[in-house]
Amino acid sequence: MEQSKTGILLVNLGSPDSYEPADLKVYLREFLTDKRVIDFPTPLRKALVEGIILPIRPKESAEAYELIWWDEGSPLIVITQRVIDKLQKRLGDEVPVAMGMRYGNPSIEAGFDELMEKNPDLERVFMIPLYPQYAMATTETVIEKAKEVWLNKYPHLEMITKDAFYDDPQYVKALGESIRPYIEDHDIDHLMFSYHGVPERHIKKRDITGDHCLKCVDCCNVNSPAHTFCYRHQDVKTTQNVAEYLDLDNKDFNYSFAFQSKLGIDPWLSPATDNELVRLAEEEGVKKVAVCCPAFISDCIETLEEIGIRGKEDFVEAGGDDLVLIPCVNDNDLWIDALETWCTDMLKPVEKTV
């Protein structure tokens, strides 16, 4: 069959090449010096990363990565490659599909290169940042890095980016069905939605109205143009979408949401996942909690180690009996269905003009 003029680029966060401290240092330097991750002035950000974080963090992170590392490599990389393989099979070999990582390898540039190697006559790239909710430190930095590569190396291409998909019905179905067995087959007392946290200032910076996010009562549930780029609103809406899909309000357990992975002393979105797990055990007597992590498409250090190991230890020490980590959508077929639909819809205009 004739080669498609559109290539598909899936972009995830990234991972160190190994769990050795030297590789962690390289990875963390690239990650933490990103001005959309730590949005301090460059001299201050460099002093913080080089003088305080990098002398200590690589060894600690290496120990955590070693606990969750798979024989095939980094879980996030391995899972993303499985998604690529399944999507490629669905779309057929005539549609080039590649993977890029915002940090580490393979880079976004390597992803563009792979697409061009597969079809030198490519005319456009459909990029899907693998983040359901829009955030400055995730979707936005991926888009900006991809633009840099695109403009500097492949300016003749058209680049189209998939918007945040937290409210896409197929994504909600994939996420809901990934959760269902863990709330139906396990006798849980509580379901927690744990999202990656961000500083409150990130939310305010991306408020296009300038006076809505974190500035009015119940801002996430009051309609506003600000919601287009509001990470917190999209987290709240994700929880509501899944709650409706799974009819959680009529279950015999409670559910809530919280934010994990805080870095630094500035105000971050709250409540904090680690504090909430302790509170649920100590104050509410919750004995068995299930935790899903809908800000992540693929299981990674933040899910497998931060929640599945440390979170479980904290919960049990506080008096709980067990914490069940619900896997991300990873490479399950319903998630591949969603990706296939988005890609097929993107390919239709090309096919009509042939």
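Please read all numbers here as calculations on a predicted model, not as lab measurements.
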Can you name the nearest heavy-atom pair linking Phe193 to Leu191, along with the distance? CE1-CD2, 3.8 Å
Is the backbone of Val78 close enough, under 3.5 Å, to the side chain of Glu72 for a donor and an acceptor to pair up by distance? no
Min side-chain heavy-atom separation Leu304-Leu67 under 4.5 Å: no
So, Lys86 and Asp331, do they make that salt bridge, N to O below 4.0 Å? yes
Could you check Leu48 against Ile53 for side-chain contact (heavy atoms from CB on, under 4.5 Å), going step by step and ending with a plain yes or no? CA-CA 6 Å; Leu48 174 65; Ile53 298 177; 4.0 Å; yes
For the side-chain contact (heavy atoms from CB on, under 4.5 Å) test, which of Gln260, Lys262, Glu306 pairs with Thr273? Gln260
NZ on Lys145 to CD on Glu109, rounded to 0.5 Å: 7.5 Å
Test side-chain hydrogen bond (donor to acceptor under 3.5 Å, both in side chains) on Asp337 and Tyr171; report intermediate values, then the result. CA-CA 9 Å; Asp337 287 346; Tyr171 164 71; over 6 Å; no
Does Val172 belong to the same Ile/Leu/Val/Met/Phe/Trp/Tyr cluster as Tyr255, with side-chain heavy atoms less than 4.5 Å apart forming each link? yes
Using modelled atom types only, decide if a donor and an acceptor are shared between the side chain of His233 and the backbone of Cys219 within a distance under 3.5 Å. no
Step-by-step side-chain contact (heavy atoms from CB on, under 4.5 Å) determination, Val95 to Leu347: CA-CA 9 Å; Val95 180; Leu347 293 169; 3.9 Å; yes
Do other residues, nucleotides or ligands put more than 12 heavy atoms under 6.0 Å from the CD atom of Glu244? no
Say whether Ile8 and Val83 are linked into one hydrophobic cluster, either directly or through other cluster members, by side-chain heavy-atom distances under 4.5 angstrom. yes
When you look at Ile301 and Ile68, which way does the side-chain contact (heavy atoms from CB on, under 4.5 Å) test go after all the steps? CA-CA 7 Å; Ile301 190 75; Ile68 59 95; 3.8 Å; yes
Salt bridge present between Arg180 and Asp185 (N-O < 4.0 angstrom): no
Could you report the tightest heavy-atom contact between Thr238 and Pro294, atom names first, then the distance? CG2-CB, 4.0 Å
Give the ring-plane orientation class for Phe259 versus Phe257, where under 30° counts as parallel, over 60° as perpendicular and anything between as tilted. perpendicular
salt_bridge(Arg45, Asp34) N-O dist < 4.0 Å: no
List the steps, then state whether salt bridge (Lys or Arg N to Asp or Glu O under 4.0 Å) holds for Arg206 with Glu140. CA-CA 10 Å; Arg206 289 302 171 260; Glu140 184 174 314; 2.6 Å; yes
In Å, rounded to the nearest 0.5 Å, how long is the span from CG of Leu277 to CD of Glu313? 12.0 Å
Check the pair Asn221, Gln240 against side-chain hydrogen bond (donor to acceptor under 3.5 Å, both in side chains), reporting the backbone distance first and the verdict last. CA-CA 11 Å; Asn221 289 307; Gln240 293 171 346; 2.9 Å; yes
Side chain Ser224, main chain His227, donor-acceptor under 3.5 Å: no
Would you confirm whether the ring centroid of Phe229 sits within less than 6.0 angstrom of the ring centroid of Tyr231? no
Does Lys204 come within less than 4.0 Å of Asp207, counting only side-chain N to carboxylate O? no
Verify the distance criterion only: is there a donor paired with an acceptor across the side chains of Thr239 and Tyr195 at less than 3.5 Å? yes
So does Asp299 get a backbone contact from the side chain of Asn330, meaning a donor-acceptor N/O pair under 3.5 Å? yes
Which heavy atom of Met101 sits nearest to which heavy atom of Leu76, and what is that distance? SD-CD2, 3.7 Å
Pair Lys173 + Glu177: basic N to acidic O under 4.0 Å: no
Answer yes if the side chains of Tyr131 and Asn12 hold a donor-acceptor pair under 3.5 Å, and no otherwise. no
Checking Glu114 side chain against Lys118 main chain: does a donor-acceptor pair fall under 3.5 Å? no
Under 3.5 Å, is there a donor-acceptor pair between the side chain of Asp23 and the main chain of Asp17? no
Straight-line distance of Asp189 CG to Glu284 CD, nearest 0.5 Å: 10.5 Å
Do Trp342 and Phe165 make the cut of ring centroids closer than 6.0 angstrom? yes
Could you tell me whether Arg201 and Asp266 have a side-chain N and a carboxylate O separated by less than 4.0 Å? yes
Taking every heavy atom of Trp335 against every heavy atom of Leu130, the minimum-distance pair comes out as CZ2-CD2, 3.9 Å
Among the clusters formed by ILVMFWY side chains lying less than 4.5 Å apart, do Tyr166 and Leu248 turn up in the same one? no
Begin from the C-alpha positions of Glu50 and Lys46 and carry the test salt bridge (Lys or Arg N to Asp or Glu O under 4.0 Å) through to its verdict. CA-CA 6 Å; Glu50 297 291 344; Lys46 184 175 180 179; over 6 Å; no
Do Asp167 and Asn241 have a side chain donor and acceptor closer than 3.5 Å? no
Within the distance-only criterion (no hydrogens, no angle test), does the side chain of Arg124 pair as donor or acceptor with the backbone N or O of Met159 below 3.5 angstrom? no
Rounded distance (nearest 0.5 Å) linking atom NZ of Lys205 with atom CZ of Arg36: 10.0 Å
Do Ile208 and Val236 sit in one hydrophobic cluster, given that two such residues count as connected whenever their side-chain heavy atoms are within less than 4.5 Å of each other, even indirectly? no
Checking Asn119 side chain against Gly7 main chain: does a donor-acceptor pair fall under 3.5 Å? no
Please give me the minimum heavy-atom distance between Ser261 and Trp268, naming the atom from each residue. O-CZ3, 3.4 Å
Rounded distance [0.5 Å steps], SG in Cys230 versus NZ in Lys237: 13.0 Å
Is a donor from one side chain sitting under 3.5 angstrom from an acceptor on the other, for Gln81 and Asp85? yes
I'd like to know if the side chain of Thr141 and the backbone of Ala137 have a donor-acceptor N/O pair within less than 3.5 Å. no
Identify the heavy atoms of Asp321 and Phe315 that sit nearest to each other, and give their distance. N-CE2, 4.0 Å
Below 30° counts as parallel, above 60° as perpendicular, anything between as tilted: where do the rings of Tyr182 and His186 land? parallel
Would you please test Asp345 and Thr341 for side-chain contact (heavy atoms from CB on, under 4.5 Å) and show each step? CA-CA 6 Å; Asp345 288 345; Thr341 296; 3.7 Å; yes
Out of curiosity, Phe112 CZ to Met127 CE, how far, rounded to the nearest 0.5 Å? 6.5 Å
Answer yes or no: does atom NZ of Lys251 have more than 12 heavy-atom neighbours from other residues, nucleotides or ligands under 6.0 Å? yes
Using atom types as modelled and distance alone, determine if a side-chain donor or acceptor of Glu30 lies under 3.5 Å from a backbone N or O of Gly104. yes
